[in-house]
Amino acid sequence: MKEMQTTYDPKDFEDRIYEKWTEENCFRAEVDPSKIPFTVMMPPPNITGKLHMGHAMDETMQDIVIRFKRMQGYSALWLPGTDHASLATEHKIVEKLREEGTSKESLGREEFLRRAWAWKDRYGGAIVGQLKKLGCSCDWSRLAFTLDERCSKAVREAFCRLYEKGLIYRGSRIINRCPDCQTALSDEEVEHTEDAGFFWHFAYPVEGSDEKIVIATTRPETMLGDTAVAVNPSDERYKKFVGKTLILPLMGRKIPVVADEYVDPAFGTGAVKITPAHDPNDFEVGLRHDLPMINVMNDDGTMNDLCGEFAGLDRYEARKRIVEKIKESGLLVKVEPHTHNVGHCHRCHATVEPIVSKQWFVKMAPLAKPAIDAVVKNKTKFVPDRFAKIYFNWLENIRDWCISRQLWWGHRIPVWYCKCGETICSREDPVVCPVCGSHDLKQDDDCLDTWFSSALWPFSTLGWPEKTPEFNYFYPTDVLVTGYDIIPFWVMRMMFSGIEYTEKVPFHDVLIHGLVRDEQGRKMSKSLGNGVDPLEVIEKYGADSLRLSLVTGVAPGNDTRFTETKVEASRNFINKIWNASRFVLMNVDCEVPSLAQIRLQPADRWIISRLMATIREVTLSLQKYDLGIAADKLIDFAWSDFCDWYIELSKPALYGGDAEKKKSALGVLVFVLENTLKLLHPFIPFVTEEIWSFLPGERGNIISEDYPRYNTKLSYKKEAKTFEGIIDLIKTVRAMKVDVNCPPSRKVHLYLVTDQKRLVSVNKQSILRLAGASEIDFIENGDAAGGKTLSHVCEVGHLFIPLGELVDIEKEKARLSKELERVVGEIARADGKLLNKNFVSKAPKKLVDDERAKKDKYLDMKEKIERQLHLLDD
RNA sequence: GGAAGUUUAGCUCAGCCGGGAGAGCACUUGCCUUACAAGCAAGGGGUCAUAGGUUCGAACCCUAUAACUUCCACCA
């Protein structure tokens, strides 16, 4: 038989074990009518992405759940995949082209896509390898990609269905545009931050009068597109101006003063410039008052040719020039600092421009309603359930979803335009216009928002819209595991998409976790450079340690801090398991009996009872997705009960020379170890698999073993409780020895008044060994112990230890006297300082406090020493 | 403006249905006890944010307050 190394070294086996699992097809989930399916769809990481701590936690949680369910006998499918990440990827490739001195425009769409695919094939798989390092047991044979043929077909089907139902429309609306990425964004893709800026007050002259209206703006450049000034209808200051005409400075355009409730008289000057083409609120005002919309910006954030002398300038340069010009013309009233919320592109963080633009939208109201109902009716449950409120909050206030992006890397919108004006939405590329018969059809240039395809993930990956056996068997999925930050982007959209297309909720449970923060509680981010690379942690401590550290002490939905200390603690625990296993194995020298063949001793029943309780608690916790609690219970059992107590308790039997007793002890040790390893496997899969391979007997892989089951016959509740008296007795003796400074190695004679002589006798060898005792005698009362004794009441009875056994009285007295002398000296020294008024009043407070603390400590020591001396003198 | 969360040991955090206040790290003391010093044993350390309320009983339920965090909306 192979030997286990003396120390746990994950590098020895993690890669090898993963290969073994792969070769033996352990992750494959089959459509198997004899089993109940359990399905988890991996949130597809971006192909541009690198595994970060957030992924590591997310994937670890999924892996724990899927391994647990697999062992429980489900046909457990964890379907992995990657996301084409339209914007992020295109951004990356455009950047690369720029470095090469070319651009996407000069390459053209076809060549650009060819390069993008080449990039994807080359680098897009990196994250897959990283997931394997982490131990993810996904069914790689089903690896999906949001831009692959299957998913693309689903996207087309979904788009066409919505289009046919009138839930997708094309229209000119205010959207968020990123001037750097040069594309429209959805509301969710815009991040708002408080930015310092200015409030510029401009005076707009009233036509045919000397009067002026002062407006305030944070974005002066948009004034070029002003088509009105609005005031509140109840505002007395401006009542007389309503209906009058203003001359827009710099442009000379005549614009009306309109009255609109939208204006807050108390804010700014109470008069608002209205730029319908560049502000969502102004857009609404514009609609109400039938104002023209004047778009003054190009797609790249420069001013367009409607801007006269400012045409071609960057928006910020134009802002500067405009302010200068206004100042020159004497219309700048004042400038004041002003912080306000500014939208930024979540990808490149450039300031987003709200702009009127013709885009494709999904009508949300009809889709949101059933998605809300499904959660209200508990068809899908959030864990923890408070996240349902966040979900409702989003869906109840949702606006139409802008789904078109001015990008090439993605699903091209399946709509074609004919010169005759016809618009054709089609599942297949059309060749001829159904109205005029023309062959001259042009496909829409835009791509769909990445999330449009992600929204279909739970079923597109299973072959929908085809009724594939996989779809029929594995869908709806069971649990979605993701962070709370992704609820609006993804969870919500999968919900309404699943319900709309498949008439079923896409998953029954949504397990929400928090963010992994850095040691100081800050978000890990590229700009801060405070991210910890999971791969480096794996390299140093192994994947199992990382995994365990990411789920212990973590409550569902709460953020957690990543600390190396925690990883170390996990590593230490695993090392403990490693060595406990090694201990058991090094004692195996015969055929190990099964539990049924063993006459169980009280200690055996106690550990088996604890094992059963642990099986029950861990199973229940995992079923509730309380991974942190499950891990804590398991660690506590394995370390405290099994290693610290049972293994020690078993040593007399192992070393005692009685072959039969040894055999029994081994049987129990192996039984408990086997079950402990199985319970631990979902959390720390590599090391448990490795240890499993060393266990005696013919066995397969632990990954394919049955999960331990609670067995009432083995619960031994009452006997276990009784046995705890022995543990209590041992702890009592140990504490008594420490109390009187008796070295643990010194064997003492125990005298016990008890009515549980049998229990104590059976466990005598263990007690002697663990308590550090030479003998136990049963007595009727304390006098029988003879001479001076220390005594203590414990669960099994009244315990007496002769003092002479604990300490060499004369020696100890001498030691204590010397110690007392020293302590008294220290007290005198402290008093010397503290009684000195100058010291107390003039020395730094900390020094004085420290001195007082020292004195208190020595006083306390003095009291204890005196008490002990008294005991010995008596 | 709306919503959610957090507040428990020195630090980081668990704590299920209302009944014993816990873990890891740190700290103190003693141990290389033939699985493990990545270890063993024994300890110290808490006004469970504050104030009320419900209850036989509250870290947990209710009300209010405070501090911090996050999300959404937003006033040009």
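Bear in mind the structure is a predicted one, so any value in this text is a computation, not a measurement. Just so it is clear: chains get the letters A, B, ... in the order the sequence lines come, proteins before strands, and each one is counted from 1.
Pairs of Watson-Crick or G-U wobble type, with distances under 3.5 Å, assemble into runs of 3 or more in RNA chain B at these ranges: B:1-7 with B:66-72, B:10-13 with B:22-25, B:27-31 with B:39-43, B:49-53 with B:61-65.
A pairwise comparison of heavy atoms in A:R610 and A:T614 identifies O-OG1, 2.7 Å as the closest pair. Nearest heavy-atom pair across A:I767 and A:L750 is CG2-CD1, 4.2 Å.
The aromatic rings of A:W578 and A:Y8 are tilted relative to each other, their planes meeting at an angle between 30° and 60°.
An OP1 or OP2 oxygen of B:G30 is reached within less than 4.0 angstrom by no side-chain nitrogen or oxygen of A:K737. For B:C71, the OP1/OP2 oxygens have no side-chain nitrogen or oxygen of A:H192 closer than 4.0 Å. Using a 4.0 Å cut-off, no side-chain N or O of A:Y625 falls inside it from OP1 or OP2 of B:C16.
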Contact list (N/O, under 3.5 angstrom) for nucleotides 38-45 of chain B vs protein:
from, atom 1, to, atom 2, distance (Å)
B:A38, O4', A:N572, OD1, 3.2
B:A38, O2', A:N575, ND2, 2.7
B:A38, N1, A:Y8, O, 3.4
B:A38, N3, A:R571, NE, 2.9
B:G39, O3', A:K576, NZ, 3.0
B:C40, OP1, A:K576, NZ, 2.9
B:C40, OP1, A:W639, NE1, 2.7
B:C40, OP1, A:D644, OD1, 3.1
B:A41, O3', A:R734, NH1, 3.3

Contact list (N/O, under 3.5 angstrom) for nucleotides 3-13 of chain B vs protein:
from, atom 1, to, atom 2, distance (Å)
B:U12, O3', A:R561, NE, 3.2
B:C13, OP1, A:R561, NE, 2.7
B:C13, O2', A:G553, O, 2.7

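Comparing the P positions of B:U50 and B:C11 gives a spacing of 16 Å, expressed to the nearest Å. Across B:C17 and B:G44, the matching P atoms stand 32 Å from one another, rounded to whole Å. Comparing B:U55 with B:C25, their C1' atoms are spaced 38 Å from each other, to the whole Å. Nucleotides B:C56 and B:C13 are separated by 38 Å at their P atoms, to the nearest Å. Between B:U47 and B:A59, the distance separating the two C1' atoms is 12 Å to the nearest Å. Taking the C1' atoms as reference points, B:A26 lies 26 Å from B:U69, given to the whole Å. Using P as the reference atom, B:U54 and B:C60 are 15 Å apart when rounded to the nearest Å. Remark: the separation of the P atoms in B:U6 and B:A21 is 23 Å, to the nearest Å.
Within the structure, every pair that satisfies the salt bridge (charged side-chain N to carboxylate O under 4.0 Å, His left out) test and touches residues 390-402 of chain A, not counting sequence neighbours, is listed here: A:R173-A:D400, A:D187-A:R399. Pairs passing the salt bridge (charged side-chain N to carboxylate O under 4.0 Å, His left out) check and including a residue from residues 224-233 of chain A, sequence neighbours excluded, read A:D226-A:K273. Among residue pairs with one or both ends in residues 623-636 of chain A, those qualifying as side chain to side chain donor-acceptor pair (under 3.5 Å) are A:D509-A:Y625, A:D636-A:S640; sequence neighbours excluded.
Put simply, CG on A:N587 is 12 Å from P on B:C36, counting in whole angstrom units. Going from atom OH of A:Y484 over to atom P of B:U69 covers 14 Å, rounded to whole Å. If you take NZ of A:K624 and C1' of B:C16, they are 5 Å apart, rounded to a whole angstrom. Look at CG on A:L620: it is 13 Å from C1' on B:C17, rounded to the nearest Å.
The side chain of A:K651 lies closest to B:A35 when the candidates are B:G24, B:A35, B:A14. Considering only side-chain atoms of A:E648, the nucleotide from B:A35, B:A14, B:A76 that sits closest is B:A35.
Residues passing the ring-ring contact (aromatic ring centres under 6.0 Å, His included) test with A:F198, sequence neighbours excluded: A:W200. Residues satisfying the side-chain hydrogen bond (donor to acceptor under 3.5 Å, both in side chains) criterion with A:R386, sequence neighbours excluded, are A:N558. Considering only residues two or more places apart in sequence or on other chains, A:H338 meets the ring-ring contact (aromatic ring centres under 6.0 Å, His included) condition with A:F199, A:H340. Every ring-ring contact (aromatic ring centres under 6.0 Å, His included) that A:F489 has, sequence neighbours left out, goes to A:W451.
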List the steps and the verdict of side chain to side chain donor-acceptor pair (under 3.5 Å) for A:E189 and A:S186.
CA-CA 5 Å; A:E189 285 168 314; A:S186 66; 3.2 Å; yes

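The residue A:W394 sits close only to the backbone: its heavy atoms come under 4.0 Å of sugar-phosphate atoms, none of a base. A:H201 comes within 4.0 angstrom of nothing in the nucleic acid, heavy atoms only. A:I647 comes within 4.0 angstrom of a nucleotide base, judged by non-hydrogen atoms across all strands. Among the protein residues, A:K747 comes within range of no part of the nucleic acid, since none of its heavy atoms lies under 4.0 Å from any strand.
In this structure B:C36 sits in the anti conformation; its chi angle is more than 90° from 0.
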Donor-acceptor contacts under 3.5 Å from residues 642-655 of chain A side chains, at least two apart:
from, atom 1, to, atom 2, distance (Å)
A:Y646, OH, A:D604, OD1, 2.5
A:E648, OE1, A:K651, NZ, 3.2
A:E648, OE2, A:K651, NZ, 3.2
A:S650, OG, A:I647, O, 2.7

For residues 258-272 of chain A, run the donor-acceptor check on the side chains, cut-off 3.5 Å, and write out each pair with its distance to 0.1 Å, sequence neighbours left out.
from, atom 1, to, atom 2, distance (Å)
A:D260, OD1, A:Y262, N, 2.8
A:D260, OD1, A:R288, NH2, 3.1
A:D260, OD2, A:R288, NE, 3.0
A:D260, OD2, A:H289, NE2, 2.8
A:D264, OD1, A:A266, N, 2.9
A:T269, OG1, A:V214, O, 2.6
A:T269, OG1, A:A271, N, 3.2
A:T269, OG1, A:A271, O, 3.3

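Nearest-nucleotide positions on RNA chain B place A:P556 closer to the 5' end than the other of A:P556 and A:V584.
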